[in-house]
Amino acid sequence: KHGVLTRKSHADMDGKRTPRGRRGWKKFYAVLKGMILYLQKDEYKPDADISEVDLKNAVRIHHALATRATDYSKKANVLKLKTSDWRVYLLQAPSEEEMMSWIFRINLV
Ligand code: I3P
């Protein structure tokens, strides 16, 4: 699955609140492949190598949990992704349908 997702980092590894200055929203081209959610700067190109920056932004979603971000009301279609190492991301999808599809696909892994 791929598509545009806008990310906000809410908590870092071990659940510590992401400090100010790193809490902004950033738009990515997301690609879910195997157990990894790649958050890429540019659109997915099947044959291109993954850049170092894109690898750094990749999220391991094994044992992660995606839910609708019911406690976040500033933006619509936002899902909350909690990883197994206690990171928390907010991810905004372009539509309700896309958000539900990402939640379903992430939790299926
Ligand atoms: C953050 C940025 C985010 C904002 C966040 C700020 O500043 O303005 O958009 O989240 O508020 O800290 P910075 O880019 O300097 O990290 P919202 O869009 O959800 O308001 P927060 O600290 O209350 O999460």
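Here, residue 1 is the first one in the sequence, and each next residue gets the next number. Atoms within a ligand are numbered from 1 in the order they appear, just like the ligands themselves.
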(Q) Can you tell me which residue among Lys75, Arg7, Lys74 is in a side-chain contact (heavy atoms from CB on, under 4.5 Å) with Trp25? (A) Lys75

Q. Does the cation-pi check pass for Lys41 over Tyr29, that is, NZ or CZ under 6.0 Å from the six-membered ring centre and within 45° of its axis?
A. no

Q) Any protein heavy atom under 4.0 Å from atom 7 (O) of ligand 1? A) no

Q.
Could you tell me if Lys1 and Ser101 have a donor-acceptor pair between their side chains, going purely by distance under 3.5 Å?
A. yes

Q) Does the side chain of Leu91 come within less than 4.5 Å of Trp102's, by heavy atoms? A) no

(Q) If I apply the N/O under 3.5 Å rule, does Lys75 come out as touching ligand 1? (A) no

Q: Using a distance threshold of 4.0 Å (strictly less than), state whether atom 24 (O) of ligand 1 has a protein heavy-atom neighbour.
A: yes

Q) Of all the atoms in ligand 1, which lie at a distance below 4.0 Å from a heavy atom belonging to Gly24? A) 2 (C), 3 (C), 14 (O), 16 (O)

Q) So which bit of Gln92 gets within less than 4.0 Å of ligand 1, heavy atoms only: side chain, backbone, both or neither? A) neither

Q.
Is the contact between Lys8 and ligand 1 made by the side chain, the backbone, both, or neither, using heavy atoms and a 4.0 Å cut-off?
A. side chain

Q | Nearest neighbour in protein (non-hydrogen) for atom 13 (P) of ligand 1 | A | Gly21 N, 3.5 Å

**Q.** For Tyr72, the ligand 1 atoms whose distance to one of its heavy atoms is below 4.0 Å
**A.** 17 (P), 18 (O), 19 (O)

(Q) Out of all atoms in ligand 1, which are within 4.0 Å of some heavy atom of Trp25? Include the element for each. (A) 9 (O), 17 (P), 18 (O), 19 (O)

Q | Close side-chain approach of Lys82 to Tyr89, heavy-atom, < 4.5 Å | A | no

Q. What atoms of ligand 1 come within less than 4.0 Å of a heavy atom belonging to Arg17?
A. 22 (O)

**Q.** His2 and Leu32, any side-chain heavy atoms less than 4.5 Å apart
**A.** no

Q. Just distances here: any N/O of Pro19 and N/O of ligand 1 closer than 3.5 Å?
A. no

Q.
To check your reading of the model: name the closest protein heavy atom to atom 21 (P) of ligand 1, its residue, and the distance in Å.
A. Arg23 NE, 3.4 Å

Q) Given side chains that start at C-beta, do those of Lys80 and Val88 come closer than 4.5 Å, heavy atoms only? A) yes

Q) Using heavy atoms and a threshold below 4.0 Å, how should the contact between Lys74 and ligand 1 be classified: side chain, backbone, both, or neither? A) side chain

Q: Taking the side chain as every heavy atom from C-beta outward, state whether Glu96 and Arg68 have any atom pair closer than 4.5 Å.
A: yes

Q: Using only heavy-atom distances, determine whether the side chains of Arg17 and His10 contain a donor-acceptor pair under 3.5 Å.
A: no

